[in-house]
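Worksheet for the structure shown next.
In listed order, ligands and their atoms are each counted from 1.
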Amino acid sequence: MNAHVQGCAAGTEIATSTVRRESGQREVFCGLTGIVWLHRKIQDAFFLVVGSRTCAHLIQSAAGVMIFAEPRFATAIMEEKDLAGLTDANDELDRIVTQLIARRPDIRLLFLVGSCPSEVIKLDLSRAALRLSQKFSPAVRILNYSGSGIETTFTQGEDACLASLVPAVPPGGTGEDRLLIVGSLADVVEDQFLRMFEALGIGEVQFLPPRNSTALPAVGPNTKFLLAQPFLAETARALEDRGAKRLAAPFPLGVEGTTAWLCAAADAFGVDPVLFETVTHPYRARAERALMRYRGQLAGRRIFLFPDSQLEIPLARFLSRELSMQLVELGTPYLHREHLAEELKLLPAGVALTEGQDVDLQLDRCRSARPDLVVCGLGLANPLEAEGMTTKWSIELVFTPIQGYEQAADLAELFARPLVRRAKLVA
Ligand code: SF4
């Protein structure tokens, strides 16, 4: 990163913390949850979960968090006789898919999404996807990935989904470098970034996932990609196997993260630092002014982040550096040291960082610390609220547009709101 580009993160603070690792009981949603935002992003895709009634309920309740859910997902429910091997689950699946495609001609991409039950009976969804693709190609492309797991976390569903798309993308050439943004972003955020890349003179920018499955980006040795989300390890590996190069950067949360993220692309594409400054300065100045209001409400407040969304590290960096919040404990389900390297440099020295979870031990630490605000999954929020603590649901951070300059203050507000609400209740 060019040190002379004003506004680029300097990255001089190195975290000296040691990471606590826990591997006890976890309190998380499984990867099926990702369907809730992915089905809205890829507008001609359908997600067919091959699972149980529990899986169907999970998706319905996760979708209930969103107001605009549309029926482009469903569960092919496996009954007891399927699980006992009394019917041929493959025949049944073929029948359901055939019916679905006949009824929904708008579907161009169908994901068969594996679950715990489909894995228990060893239903081979990759073979099913291949078989059904042969039947329905080229009208409908059929892919598969797994959303199952009690040892996973809910954002891994997006990683598995995007990784399953990589073999389907067309090959990139060896010509002029192209920028690829990886990770689903709200359309409004994507449009803002597109305008900014255009103003910086960075040619044609592509996105994975695309809004439409017929617009899959070409990927090859001339692809340079920026991760927009910190939970895409498998997808990044698949892209690198295709010859693409990852640009190291913090994630675009807050003013500083957004600037450094854009700066990584600007450096890689030889953008003049003066142009970078000219393009980004007005956005930065406006976002910093908007943040001021929340700094007053959040500075000095103590926050405890339970491991859940994998967004915790970039969020903690934003909250501590731009809003002066104090990090009591920072939990992350997994720590991908390489993808998070630029973030770790920016965390305050000595931060209590935990990887994995032993939920009871972590709850004990949280209770004894009595933080002002706890960021956690839905399962922990209610009991903690009942104990008088103020909480923020981490899943909301994935459903809300929070990336980029224009959303920096909205992101801060998500943390200020529960504190304001609690203050009103107490008053
Ligand atoms: S954890 Fe397994 S059984 Fe439960 S909803 Fe997720 S995939 Fe279905």
Side-chain angles (χ1 to χ4, degrees), residues 22-40 45-66 69 71-87 89-90 92-93 96-97 100 110-129 142-165 184 231-235 306-310 333-334 356-359 376-382 393-396 398-399:
E22 288 188 337
S23 56
Q25 197 194 328
R26 293 170 179 232
E27 185 66 49
V28 289
F29 275 160
C30 71
L32 294 185
T33 318
I35 293 170
V36 177
W37 64 88
L38 286 165
H39 91 280
R40 296 197 64 216
F46 193 98
F47 294 78
L48 183 66
V49 177
V50 185
S52 62
R53 288 184 200 284
T54 310
C55 307
H57 286 147
L58 175 115
I59 304 198
Q60 286 303 337
S61 48
V65 177
M66 291 185 61
R72 258 187 307 100
F73 55 85
T75 308
I77 294 177
M78 303 172 70
E79 305 289 353
E80 273 176 28
K81 59 184 186 336
D82 300 315
L83 294 170
L86 299 177
T87 54
N90 280 303
E92 191 63 8
L93 184 59
I96 292 172
V97 168
L100 177 68
L110 174 65
F111 288 103
L112 302 178
V113 187
S115 66
C116 304
S118 71
E119 281 169 15
V120 165
I121 65 158
K122 302 207 175 355
L123 185 58
D124 189 341
L125 291 184
S126 61
R127 284 184 62 182
I142 299 177
L143 300 173
N144 76 289
Y145 72 89
S146 171
S148 82
I150 39 176
E151 285 300 307
T152 57
T153 192
F154 73 95
T155 45
Q156 277 175 273
E158 173 169 339
D159 190 21
C161 173
L162 299 193
S164 81
L165 272 173
S184 56
F231 43 72
L232 298 172
E234 212 187 311
T235 308
F306 277 80
D308 195 35
S309 65
Q310 301 194 63
Y334 304 102
Q357 186 170 48
D358 187 322
V359 72
C376 59
L378 295 168
L380 295 180
N382 282 350
W393 293 351
S394 47
I395 201 163
E396 227 183 304
V398 182
F399 291 155

Discussion item. Within ligand 1, which atoms have a heavy atom of S115 less than 4.0 Å away?
Written reply: 7 (S)
Fill in: Pairwise side-chain contact, D308 with L380, heavy-atom cut-off 4.5 Å (strictly under)
no
Worksheet item: Does the shortest distance from atom 8 (Fe) of ligand 1 to an N/O/S atom of C30 fall below 2.8 Å?
Response: no
Fill in: Heavy-atom side-chain proximity of E234 to Q156 below 4.5 angstrom
no
Practice prompt. Return yes if some donor-acceptor pair links the side-chain N/O of S115 with the main-chain N/O of V50 below 3.5 Å, else return no.
Written response: yes
Fill in: Any N, O or S atom of C116 closer than 2.8 Å to atom 2 (Fe) of ligand 1
yes
Worksheet item: Hey, what do you get for OG1 (T155) to CD1 (I395), rounding to the nearest 0.5 Å?
Response: 9.5 Å
